[in-house]
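Hydrogens, waters and symmetry mates play no part in the numbers below; they use all other heavy atoms, side chains included.
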Amino acid sequence: MSSSSWLPSDFDPPLTFDGPGFRLEPLAPVHNERDHEAWMSSIDHIRATPGMDWSKWPRPMTLEENLKDMEMHYQEFIEGKSFTYSILDGDEVIGCVYIYPGDSDPSGADVRSWVTQTRSEMDEVVWRSLSVWLQENWPFASVRYALRS
């Protein structure tokens, strides 16, 4: 895995994280069908999630469009440009986490996440757990996680 300029060259991004009731692993094409199902079943809920309320996003996607999106995220993970993880409960995809270089602080991170509508109780659990994980295990100068109400 190569490193980008926003992370120290000797830092290896974690490949997994076990949180309370969920596990993270890098978003990859192997997740496509499960991710697509999670995404498509929860678009309205995702739009209502802080940080995910862009005017043209989220939008419905075909399975093929979703795969292309996953391949892009996976390649960016490998290159160290950004880090996108599937949120899993067992083998079920229940959401996604996006870690990007900070807009206001290039040595920091901007973070967004979503969970499916059927697992909406996990939204705050994921947010709280990842906020601590990112502060304690990543070398970011700052972490700006999309605000929760």
Side-chain angles (χ1 to χ4, degrees), residues 1-4 6-54 57-58 61 63 66-67 69-149:
M1 188 175 315
S2 64
S3 180
S4 68
W6 66 304
L7 294 172
S9 61
D10 62 346
F11 178 72
D12 288 324
L15 297 180
T16 62
F17 172 71
D18 291 312
F22 71 95
R23 182 180 82 257
L24 298 185
E25 59 185 50
L27 180 72
V30 69
H31 300 115
N32 189 41
E33 289 183 18
R34 294 173 288 151
D35 179 84
H36 184 257
E37 180 181 328
W39 177 264
M40 293 297 291
S41 70
S42 300
I43 288 179
D44 289 338
H45 177 72
I46 296 167
R47 282 185 182 139
T49 301
M52 298 299 296
D53 53 352
W54 307 324
W57 199 261
M61 289 191 284
L63 193 59
N66 198 67
L67 179 59
D69 189 58
M70 283 200 165
E71 290 169 339
M72 180 267 306
H73 284 297
Y74 188 67
Q75 187 62 38
E76 287 185 353
F77 193 108
I78 290 169
E79 294 172 1
K81 293 179 179 177
S82 67
F83 303 95
T84 304
Y85 292 89
S86 286
I87 303 171
L88 302 165
D89 182 359
D91 286 333
E92 179 185 6
V93 172
I94 63 168
C96 205
V97 177
Y98 308 87
I99 305 169
Y100 296 111
D103 283 337
S104 59
D105 178 3
S107 63
D110 287 343
V111 182
R112 296 173 179 82
S113 64
W114 60 267
V115 297
T116 59
Q117 184 166 345
T118 60
R119 298 302 300 275
S120 62
E121 76 281 358
M122 292 301 293
D123 194 30
E124 188 169 342
V125 173
V126 168
W127 168 64
R128 288 188 185 282
S129 300
L130 294 186
S131 293
V132 172
W133 179 63
L134 290 163
Q135 290 289 342
E136 292 180 353
N137 296 287
W138 289 73
F140 300 125
S142 63
V143 175
R144 189 173 67 184
Y145 206 127
L147 297 175
R148 299 292 192 255
S149 54

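Annotation: the span from Arg112 atom CZ to Ile46 atom CD1 amounts to 14.0 Å, rounded to 0.5 Å. Phe17 contributes atom CZ, which lies 10.5 Å from atom CD1 of Ile87 (distance to the nearest 0.5 angstrom). In this structure, Ser131 OG and Glu136 CD are separated by 11.0 Å, a value rounded to the nearest 0.5 Å. Atom OG1 of residue Thr116 and atom CD1 of residue Ile94 lie 6.0 Å apart, to the nearest 0.5 angstrom. A distance of 6.0 Å separates CG of Leu7 from CZ of Phe11, quoted to the nearest 0.5 Å.
Using cut-offs of 30° and 60° for the angle between ring planes, the Trp6 and Phe140 rings count as parallel.
Side chains of Leu130 and Leu24 form a contact here, defined as non-hydrogen atoms less than 4.5 Å apart. Residues Arg47 and Asp44 form a side-chain contact, since some pair of their non-hydrogen atoms from C-beta on lies under 4.5 Å apart. Residues Gln117 and Ile43 have side chains not in contact (no heavy-atom distance under 4.5 Å, counting atoms from C-beta outward). The shortest distance between side-chain heavy atoms of Thr84 and Pro26 does not fall below 4.5 Å.
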Take Asp105 and Arg144 through the side chain to side chain contact (heavy atoms under 4.5 Å, CB included) test and state the conclusion after the steps.
CA-CA 9 Å; Asp105 178 3; Arg144 189 173 67 184; over 6 Å; no

Run the side chain to side chain contact (heavy atoms under 4.5 Å, CB included) check on Phe22 and Ser129 step by step: do they pass?
CA-CA 10 Å; Phe22 71 95; Ser129 300; 3.9 Å; yes

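Minimum interatomic distance between Tyr85 and Pro14 (heavy atoms only, all atoms of both residues): OH-O, 2.5 Å. In terms of heavy atoms, Asn66 sits closest to Met61 at OD1-CE, 3.3 Å. Heavy-atom minimum distance, Glu25 versus His31: OE2-NE2, 2.7 Å. For the pair Val111 and Val143, the tightest heavy-atom approach, listed with the atom from each and the gap, is CG2-CG1, 4.0 Å. Of all heavy-atom pairs spanning Ala109 and Ile99, the tightest one is CB-CG2, 4.0 Å. In plain terms, the two heavy atoms of Leu27 and Ser86 that are nearest each other are CD1-OG, 3.1 Å.
For Glu37, the side chain to side chain donor-acceptor pair (under 3.5 Å) test picks out no residue, with sequence neighbours left out. Residues passing the salt bridge (charged side-chain N to carboxylate O under 4.0 Å, His left out) test with Arg128, sequence neighbours excluded: Glu124. Under the ring pair (Phe, Tyr, Trp, His ring centres under 6.0 Å) criterion, His73 pairs with Tyr98, not counting sequence neighbours. Annotation: side chain to side chain donor-acceptor pair (under 3.5 Å) contacts of Ser82 (sequence neighbours excluded): Glu76. Here Arg119 pairs with Asp89, Glu121 under the salt bridge (charged side-chain N to carboxylate O under 4.0 Å, His left out) rule; sequence neighbours left out. Residues satisfying the side chain to side chain donor-acceptor pair (under 3.5 Å) test with Ser41, not counting sequence neighbours, are none.
Taking a 6.0 Å sphere around CD of Glu71, one finds it holds more than 12 heavy atoms contributed by other residues, nucleotides or ligands.
Between the Thr49 side chain and the His45 main chain, a donor and an acceptor come within less than 3.5 Å of each other. Although no hydrogens or angles enter the test, the distance criterion places a donor-acceptor pair under 3.5 Å between the side chain of Asn32 and the main chain of Leu67. Side-chain atoms of Asp123 never come within 3.5 Å of backbone atoms of Val115 as a donor-acceptor pair (strictly under, hydrogens ignored).
Checking Trp138, Tyr100, Trp133 one by one against Phe83, the ring pair (Phe, Tyr, Trp, His ring centres under 6.0 Å) holds for a single residue, Trp138.
Tyr145 and Ser113 are linked by a side-chain donor-acceptor pair at a separation below 3.5 angstrom, with hydrogens and angles left out of the test. Using modelled atom types and a 3.5 Å distance limit, the side chains of Glu79 and Gln75 yield a donor-acceptor pair.
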